[in-house]
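Worth saying up front: this structure is predicted, and the values here are computed from it rather than measured. Here, residue 1 is the first one in the sequence, and each next residue gets the next number.
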Amino acid sequence: MHEINLKGEWFLNSGDNQYNLKGYLPGCNYLDLMSAGIIEDVFYGVNEHKSVWVAEKDWEYSRKFIVNEEFFNMDYVFLKISGGDTLIDIYINNNLIGKTENAHIDYRFDIKNCIHKGENSIRLFIHSPVNYIKQKHKEDPSPVNLMGISGFPHIRKPACHFGWDWGPVLPPSGVSSEIKIICYNKGYIDDLTVKQRFITFDKVELKVLCDTVKFQPDNDNYFMSITLKDEKGEVLFQNKNILNENRTVTLINIINPNLWTVNGGKDRKTQPLYNVECHLLYKETILDEKETDIGIREIKLDTEEDKYGKQFAFIVNGTRIFAKGGNWIPADSFITRKSDEEIEYFIKSCADANMNMIRVWGGGYYESDIFYRLCDKYGILVWQDFAFACQPYPFYNTDYLNNVKNEVKSVVKRLKNHACLCLWCGNNEIESMTFSWFFKRKIIKWTKNFFYDILPKWLAEMEIDTPYWYSSPSGGEFLKKINCDNSGDTHLWHVWHGLQPFDYYHKRFTRFCSEFGFESLPSIDTVKTFAEEKDFDLFSEPLLSHQKCRSGNDKIIYYMIDNYCIPQKFSQLIYVSQLVQAESIKAAVEHWRRNAGQCNGALFWQLNDCWPVLSWASVDYYGRWKALQYYSKRFFEPVHLNMAQYKNTCLFYIINDKEVPTECLLKLELIDFNGAVEMEEEVNLQIGANACRQVMLQLDKGYYKKYKNRYYIYGTLTDKDNRVLSRNTFFFNRTGKLELNKANIKAEIIKKDNYCEMTIESDTFAKNVFLRINGMVKPFSDNFFDLKGKEKRIVTFESNMDKYEIEQNLEILCYNNITPKYTKRKEKRIKRKIGMQPINILSKILYKFM
Ligand code: BMA
């Protein structure tokens with residue numbers, strides 16, 4: 001295979017020729033217009049709204065390329081365009097050679113007869129996506145998009161480009177993945193599929209299917225060679241056969257495979273990946289090659305009946321796992337800006353926070369290859385939604401349906417071999433939203449037809465092994481048991497959208513919660529990238545423009561009053577908002593982990609942001625971990641301690657998600673805020689693989705009066721080498737009501753090259769110790785933690801600042817030292833006022849009945 005990569009400089013003109021500038025592909029019009037200084041940074045202030053015109057224009061990218069003699073004489077010449085976004089007329093030497101109409105498809109156009117030796121030209125004329133959907137919306141109206149531009153289901157492009165409740169309205173035109181000319185002599189490999197059949201977990205049969213195209217079908221000088229290597233690169237199998245058919249099938253047995261498993265199951269940071277490589281040869285010459293990494297594992301979705309209703313559990317290598325993680329949205333409004341290293345940073349952040357599953361949400365992209373490769377590497381399962389979200393789609397239109405069929409074929413072909421892929425899910429929330437379109441019969445009929453009949457049939461024809469689920473959420477039968485606790489997956493938004501308190505979660509025994517979430521502000525360093533200091537106010541224009549959820553900032557305040565307090569300073573408001581978010585998700589996750597088996601997964605909304613914004617994300621656009629990500633690292637620990645309180649009985653749960661039994665020592669201390677230990681207990685425990693143990697602590701009847709505001713239980717789990725497996729603190733009242741002492745916190749820093757060790761100590765119990773170094777992005781090993789008085793805690797991090805600079809830029813805060821802005825009485829009034837806003841009354845009522 002030879003290629004001419006068209007990555008690099010292009011010319012960009014607006015369709016009306018008003019703008020002529022330098023362009024860059026893969027990339028898009030917004031990025032090029034910003035580079036040329038024609039528009040300002042659209043993420044800054046309220047600039048988003050000033051660039052509306054960009055997506056209302058057509059744009060054309062053009063450039064030249066040279067074809068040499070050798071290239072020209074090849075048997076096959078294709079233009080490959082992946083992520084062509086979206087409605088593109090492609091001209092080579094002024095001949096229209098094809099059109100793209102789907103940003104999710106890998107297109108390949110035969111251009112053998114359109115090119116000539118020497119200089120050639122290529123033009124991509126991209127029609128305005130906004131004009132297109134507006135027109136289509138007029139002809140065939142879809143429900144109104146309250147977050148931006150209506151009509152997005154008519155175009156096969158990420159729905160969120162047109163505005164979401166965390167995302168700006170910035171629908172780009174360009175190419176998001178790759179554009180190149182590729183050519184082959186005599187033949188090429190079209191596809192490589194590796195299927196796995198588990199005879200036992202010690203014996204696995206691999207079936208390697210290789211699809212080829214030959215220029216001379218009857219010629220028997222074509223050969224196919226297949227090589228299998230283990231994770232160390234050692235060859236386990238190799239063969240070479242004459243290629244008679246277009247498809248070759250090779251069976252390989254592997255005895256005692258090193259099984260791939262999810263993060264946290266075993267004490268290892270990355271998972272073993274085998275490699276399958278195939279070469280197409282003509283006599284001795286290699287014509288083409290393809291390779292894929294595979295993880296040897298068996299994944300099933302169990303939806304069988306059990307004593308609670310119907311299961312919804314992923315079974316990996318025969319063991320039911322508890323899915324821990326979150327929902328993924330596009331990592332940038334202009335996706336080509338994110339480098340592979342940045343994507344790795346995010347995926348590694350998930351692995352470091354002890355997650356084992358990511359749901360790629362249906363309103364964005366099918367992610368890049370590197371994304372799935374990293375999930376393979378780190379043992380993170382991927383629940384992949386098909387790219388349909390929150391609206392009905394016009395499947396009744398035959399052209400549209402064919403377009404979607406090509407999309408499904410293209411993405412399944414690209415992603416099928418990944419070890420991480422655990423589920424194909426029809427869509428995001430279309431089924432649950434169907435109730436709002438109940439009067440539109442045709443739409444409802446086609447939603448059912450497509451997700452319950454057509455799509456699963458296509459997948460069956462493609463012989464995929466990955467399980468399929470109709471919609472998220474779904475009860476498993478169209479319009480039945482949606483968001484019920486006894487069947488299917490649920491999206492629980494009663495906390496946040498429905499203004500219910502955090503302990504609402506404790507009433508819900510969902511089988512699998514694939515969405516629940518809570519908003520917060522991003523770090524002050526991130527806020528500074530879009531707002532001036534004078535605008536550091538939740539209700540300033542730039543901040544409101546970076547809050548897309550209606551009444552979002554009010555809700556942040558509402559829950560802050562309930563759980564902590566509204567602090568005086570803006571920077572502290574950020575800190576407290578993140579704590580409230582983290583506590584809310586913790587309340588849910590710990591409850592569901594206590595009930596593992598009945599509940600089999602908790603994926604919070606959402607992991608990341610596509611721009612700097614106030615949102616549900618746990619890691620912000622720039623990669624800064626919010627409190628929630630640090631909390632996740634704790635509440636998703638493979639061996640975890642948590643507590644449920646029933647009056648004066650405290651039940652401690654020790655949960656082991658590992659594939660092996662664990663021995664540990666549980667230490668419980670009941671302490672007052674001055675450090676006096678009221679009660680102390682130690683228990684040695686042996687917890688089976690994937691199991692849970694309970695330990696009970698009985699308090700005196702009058703405990704509440706005595707302990708409620710000045711005591712806490714400090715729990716520690718250590719292993720036999722005295723390493724801390726899990727720590728947790730438990731209180732008898734809400735944080736805002738605790739009578740914490742003012743704290744004095746000291747930090748000592750030791751620096752070795754880029755590695756820093758900081759020893760933190762407080763003179764009294766310190767709640768939610770927060771460390772921040774001005775401008776720093778990479779996380780600390782721990783943050784937002786509770787610290788016993790006089791306890792020394794070591795936190796590590798990377799920094800290239802010297803010790804003095806670190807000290808100058810270091811901020812240490814804890815909740816003890818926060819000054820509330822208002823009296824409790826005033827806070828109550830504010831809360832009542834927010835609760836009385838019509839939108840919030842409505843949400844409350846709505847979620848009461850959901
Ligand atoms: C969910 C998602 C998104 C949305 C989020 C927050 O249900 O599926 O559509 O952004 O809620 O409201």
Side-chain angles (χ1 to χ4, degrees), residues 5-10 12 21-45 47-48 50-51 54-55 59 61 81-86 103-104 124 126 129 157-164 166-180 328-350 360-361 363-374 522-523 525-530 546 548 606-613 615 617 619-624 775 777-778:
N5 198 333
L6 300 177
K7 176 185 169 126
E9 257 187 44
W10 291 61
L12 174 61
L21 55 147
K22 217 192 292 175
Y24 197 94
L25 290 182
C28 72
N29 51 352
Y30 284 96
L31 290 176
D32 293 332
L33 288 162
M34 285 193 277
S35 300
I38 296 170
I39 55 173
E40 287 175 81
D41 175 8
V42 287
F43 288 175
Y44 189 80
N47 287 351
E48 173 204 347
K50 298 185 198 156
S51 64
V54 173
W59 294 91
Y61 279 93
I81 174 163
S82 306
D85 192 1
T86 299
H104 307 298
L124 309 177
I126 314 180
K157 169 181 175 65
C160 65
H161 285 173
F162 299 96
W164 219 259
W166 36 259
V169 182
L170 295 167
S173 286
V175 174
S176 68
S177 183
E178 61 176 12
I179 175 157
K180 45 171 78 161
W328 179 265
I329 62 163
D332 201 310
S333 292
F334 314 121
I335 199 65
T336 52
R337 260 210 290 219
K338 281 274 173 288
S339 66
D340 291 356
E341 290 71 34
E342 284 170 297
I343 297 295
E344 175 143 25
Y345 173 86
F346 275 93
I347 303 297
K348 190 163 178 305
S349 288
C350 293
V360 177
W361 169 76
Y365 292 96
Y366 305 92
E367 284 296 325
S368 60
D369 294 344
I370 185 76
F371 177 95
Y372 301 95
R373 279 213 292 273
L374 290 164
S523 149
D525 295 307
T526 297
V527 173
K528 281 181 188 162
T529 67
F530 65 82
H546 287 72
K548 300 293 184 188
Q606 68 203 63
L607 289 168
N608 60 329
D609 280 329
C610 65
W611 71 318
V613 61
S615 81
V619 178
D620 77 22
Y621 172 71
Y622 294 103
R624 296 195 172 94
V777 172
K778 284 194 179 162

So, N608 side chain and I329 main chain: donor-acceptor pair closer than 3.5 Å or not?
yes
From CA spacing to verdict: side chain to side chain contact (heavy atoms under 4.5 Å, CB included), Y61, S173:
CA-CA 10 Å; Y61 279 93; S173 286; 5.8 Å; no
Any donor-acceptor N/O pair, D525 side chain to G775 backbone, under 3.5 Å
yes
Mark yes or no for whether D85, through its side chain, and K157, through its backbone, hold a donor-acceptor pair below 3.5 Å.
no
Can you tell me if CD on E342 sees more than 12 non-hydrogen neighbours from other groups inside 6.0 Å?
yes
Which heavy atom in P612 sits nearest to a heavy atom in T526, and how many Å separate them?
CB-CG2, 3.8 Å
Indicate, with yes or no, if the rings of W328 and F371 have centres closer together than 6.0 Å.
yes
CG of L31 to OG1 of T336: how many Å apart, nearest 0.5 Å?
5.0 Å
Provide the closest heavy-atom pair for A103 versus P158 in the form atom of the first, atom of the second, distance.
CB-CD, 4.5 Å
Side chain to side chain contact (heavy atoms under 4.5 Å, CB included) test vs V54 passes for just one of L170, N29, I38, namely N29
Spacing of C28 atom SG and H161 atom NE2 [to the nearest 0.5 Å]:
8.5 Å
When rounded to the nearest 0.5 angstrom, what is the spacing between CD1 in I81 and NZ in K180?
12.5 Å
What is the minimum heavy-atom distance between K7 and P26, and which atoms define it?
CG-CD, 3.7 Å
Would you verify whether the NZ or CZ of K50 falls within 45 degrees of the ring axis of Y44 while also being under 6.0 Å from that six-membered ring's centre?
no
Worked check of side chain to side chain contact (heavy atoms under 4.5 Å, CB included) between Q606 and S615
CA-CA 8 Å; Q606 68 203 63; S615 81; 3.9 Å; yes
What distance do S51 atom OG and L33 atom CG have between them, rounded to the nearest 0.5 Å?
9.0 Å
For residues P168 and C610, report the shortest heavy-atom separation together with the two atoms involved.
CD-SG, 4.0 Å
Rounded to the nearest 0.5 Å, the CG atom of L25 sits from the CG atom of L6 at a distance of 9.0 Å
Test side chain to side chain contact (heavy atoms under 4.5 Å, CB included) on L607 and F346; report intermediate values, then the result.
CA-CA 9 Å; L607 289 168; F346 275 93; over 6 Å; no
Go through it in stages, so that I can follow the logic: the residues are K338 and E367, the test is salt bridge (charged side-chain N to carboxylate O under 4.0 Å, His left out), and I'd like the CA-CA distance, side-chain angles, deciding distance and then a yes or no.
CA-CA 12 Å; K338 281 274 173 288; E367 284 296 325; over 6 Å; no
Over 60° means perpendicular and under 30° means parallel, so classify the ring planes of F43 and Y621, tilted if in between.
perpendicular
Is a donor on one side and an acceptor on the other found under 3.5 Å between the side chain of R337 and the backbone of G27?
no
Minimum side-chain heavy-atom gap Y365-S176 below 4.5 Å:
yes
Just how far is it from atom NE2 of H104 to atom OG of S177, taken to the nearest 0.5 Å?
12.5 Å
Is the NZ atom of K22 crowded by more than 12 outside heavy atoms at less than 6.0 Å?
no
Identify the heavy atoms of P522 and D620 that sit nearest to each other, and give their distance.
CB-OD2, 3.8 Å
Is any side-chain heavy atom of I39 less than 4.5 Å from a side-chain heavy atom of N47?
no
Fit a plane to each ring of W611 and H546, take the angle between them on a 0 to 90° scale, and name the class: parallel (under 30°), tilted (30 to 60°) or perpendicular (over 60°).
parallel
Go through it in stages, so that I can follow the logic: the residues are L124 and W10, the test is side chain to side chain contact (heavy atoms under 4.5 Å, CB included), and I'd like the CA-CA distance, side-chain angles, deciding distance and then a yes or no.
CA-CA 10 Å; L124 309 177; W10 291 61; 4.0 Å; yes
Of all heavy-atom pairs linking C160 and G364, the shortest is SG-CA, 4.3 Å
